[in-house]
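Within every chain, numbering begins at 1; the chains are lettered A, B, ... in the order of the sequence lines, protein sequences first and strands thereafter. Just so it is clear, the values below take in all heavy atoms, side chains as well, and ignore hydrogens, waters and symmetry mates.
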Number of protein chains: 2
Amino acid sequence: MPDIAEAKKRCARVAAILKTLAHPQRLFLLCRLAKGEATVSELRDASGASQSLISQHLTRMRREGIVQARRDGNFVHYRIVDPRLSALIKDMEKTFNE
Amino acid sequence: MPDIAEAKKRCARVAAILKTLAHPQRLFLLCRLAKGEATVSELRDASGASQSLISQHLTRMRREGIVQARRDGNFVHYRIVDPRLSALIKDMEKTFNE
DNA sequence: TTTGCATATTAGAATATTATAATATTCAAA
DNA sequence: TTTGAATATTATAATATTCTAATATGCAAA
């Protein structure tokens with residue numbers, strides 16, 4: 001049985017991830033990415049947010065290690081790094097649909 | 001197949017819930033509550049945070065409909081309202097342990 | 001080697017969140 | 001009916017987040 005200090009550390013780690021998910025636009029981006037890679041343009045078109053804002057969100061998530069970028073000519077493709085996160089997001093979508 | 005506007009609304013709803021979970025102390029409280037009811041005192045002792053802060057977090061979650069309170073003499077027992085949320089929290093604990 | 005498209009960065013004002021301290025309420029037992 | 005324990009509320013300073021606008025960078029085709 002784990003220690004309380006240990007449990008708190010885990011909560012802090014998970015809360016940090018959730019903080020990133022806990023934003024309507026970022027969650028929307030991640031829901032899209034949970035289905036597979038997408039370019040910044042695609043994500044911008046789908047979300048309707050400004051290019052700058054999308055890029056800022058993606059940069060933040062890149063820094064946090066949640067997504068990875070892959071350049072292909074002019075376009076940059078993003079994807080979710082940890083498959084467990086993709087699974088969690090899909091699961092949440094299912095759980096909270098109605 | 002749902003509309004994009006519809007998807008955005010769902011993201012906003014889910015993000016609002018996640019925003020509440022996305023705080024180390026609140027997540028700790030919820031992890032404890034996911035196992036069953038607990039009083040404010042228990043939660044305070046377990047978390048080590050101040051009485052005022054615990055109460056503020058609980059009041060916030062009560063307002064949001066995430067938890068419910070039940071008074072029993074001097075003590076107030078809290079519990080998570082939606083079993084789907086309990087399940088999600090347990091699931092996240094499992095997912096992110098290691 | 002310039003032009004244009006795709007993406008990234010930066011700065012800053014507006015707003016939201018957090019924790020602490022102080023005070024108020026609610027209830028039970030003496 | 002006062003006292004004390006358990007919980008709630010309020011105000012506020014400190015900090016963090018968000019968005020917009022402006023500018024910069026990377027790349028490819030002409």
Side-chain angles (χ1 to χ4, degrees), chain A residues 8-9 11-33 37-81, chain B residues 8-9 11-33 37-81:
Chain A
K8 282 193 197 169
K9 269 186 206 158
C11 284
R13 264 195 306 124
V14 176
I17 296 170
L18 292 181
K19 206 168 181 182
T20 297
L21 308 203
H23 185 283
Q25 305 215 53
R26 283 195 298 268
L27 188 56
F28 184 87
L29 297 179
L30 288 168
C31 284
R32 170 60 191 79
L33 291 175
E37 270 198 355
T39 66
V40 178
S41 296
E42 290 180 81
L43 294 170
R44 171 174 44 69
D45 293 348
S47 76
S50 74
Q51 183 270 318
S52 171
L53 194 46
I54 295 286
S55 184
Q56 283 178 72
H57 285 316
L58 289 169
T59 298
R60 168 191 172 148
M61 296 197 279
R62 200 163 14 88
R63 279 208 203 95
E64 292 171 341
I66 288 177
V67 300
Q68 264 186 356
R70 166 177 79 78
R71 181 142 220 155
D72 179 19
N74 264 337
F75 294 83
V76 176
H77 300 254
Y78 277 87
R79 66 185 193 78
I80 293 176
V81 172
Chain B
K8 281 193 197 168
K9 268 186 208 160
C11 284
R13 263 195 308 126
V14 176
I17 297 169
L18 292 180
K19 206 167 181 181
T20 298
L21 308 203
H23 185 284
Q25 306 214 55
R26 282 195 299 268
L27 188 57
F28 184 87
L29 298 179
L30 288 168
C31 284
R32 170 60 191 80
L33 292 175
E37 270 198 354
T39 67
V40 178
S41 296
E42 289 180 83
L43 294 170
R44 170 172 45 67
D45 293 348
S47 76
S50 74
Q51 183 271 317
S52 171
L53 193 46
I54 295 285
S55 184
Q56 284 180 72
H57 284 316
L58 289 170
T59 297
R60 168 193 174 149
M61 295 197 280
R62 202 164 11 92
R63 280 209 203 94
E64 291 170 342
I66 288 178
V67 301
Q68 263 186 357
R70 165 176 81 78
R71 181 141 220 154
D72 179 20
N74 265 337
F75 294 84
V76 177
H77 299 255
Y78 277 85
R79 65 184 194 77
I80 293 176
V81 172

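- A heavy-atom distance below 4.5 Å is not found between the side chains of A/Glu42 and A/Phe75.
- One can place CZ of B/Arg44 at 8 Å from C1' of D/dA6, the figure rounded to the nearest angstrom.
- The base of C/dA21 sits within donor-acceptor range of the side chain of B/Ser52, with an N or O pair under 3.5 Å.
- Base engagement by B/Ser55 is indicated by at least one non-hydrogen atom pair under 4.0 Å involving a base atom.
- The distance between atom CE of A/Met61 and atom P of C/dT7, rounded to the nearest whole Å, is 15 Å.
- Between B/Arg60 and C/dT18, a side-chain N or O to OP1/OP2 separation shorter than 4.0 Å is present.
- Residue whose closest nucleotide on DNA chain C sits further toward the 5' end, between A/Val40 and A/Lys19: A/Val40.
- Whole-Å rounding puts the A/Ile54 CD1 to D/dT18 C1' distance at 14 Å.
- Counting to the nearest Å, the C1' atom of D/dT9 and the CG atom of B/Leu58 are 14 Å from each other.
- Between A/Phe75 atom CZ and D/dA29 atom P there is a gap of 11 Å when expressed in whole angstrom units.
- Closest to the side chain of A/Asn74, from the set C/dC27, D/dT9, C/dC5, is C/dC5.
- A sub-4.0 Å separation between OP1 or OP2 of C/dT9 and a side-chain N or O of A/Thr59 is present.
- Between the base of C/dT10 and the side chain of A/Gln56 there is a donor-acceptor pair shorter than 3.5 Å.
- For the side-chain hydrogen bond (donor to acceptor under 3.5 Å, both in side chains) criterion with A/Glu37, the lone passing option out of A/Arg70, A/Gln68, A/Arg32 is A/Arg70.
- Summarising the geometry, the separation between NE2 on A/His77 and C1' on D/dC27 is reported as 13 Å, rounded to the nearest angstrom.
- Among the heavy atoms of the strands, none lies under 4.0 Å from B/Glu42.
- Remark: the B/Gln51 side chain and the D/dA8 base include a donor-acceptor N/O pair separated by less than 3.5 Å.
- B/Arg70 places its CZ atom 12 Å from the P atom of D/dT7, with the value rounded to the nearest Å.
- Residue-level contact check: B/His57 touches the backbone only, with heavy atoms under 4.0 Å from sugar-phosphate atoms and none from bases.
- A/Leu33 has its side chain within reach of A/Leu43: a pair of non-hydrogen atoms, C-beta onward, lies under 4.5 Å apart.
- The CZ-P distance, from A/Arg71 to C/dA6, rounds to 12 Å in whole Å.
- When each of D/dC27, C/dA8, C/dT20 is scored by its nearest atom to the side-chain atoms of A/Arg62, the top-ranked nucleotide is C/dA8.
- At the phosphate of C/dA6, neither OP1 nor OP2 sits under 4.0 Å from any side-chain N or O atom of A/Tyr78.
- Comparing D/dC27, D/dC19, C/dT26 by their nearest atom to the side chain of A/Leu53 picks out D/dC19.
- Considering all non-hydrogen atoms of both residues, B/Val81 and B/Val67 come closest at CG2-C, 3.6 Å.
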**Q.** Criterion side chain to side chain contact (heavy atoms under 4.5 Å, CB included) on B/Gln56 and B/Thr59, from CA distance to verdict
**A.** CA-CA 5 Å; B/Gln56 284 180 72; B/Thr59 297; 5.7 Å; no

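- Considering only heavy atoms from C-beta on, A/Ile66 comes within 4.5 Å of A/Leu30 through its side chain.
- Note on A/His23: a side-chain N or O is less than 4.0 Å away from OP1 or OP2 of D/dC19.
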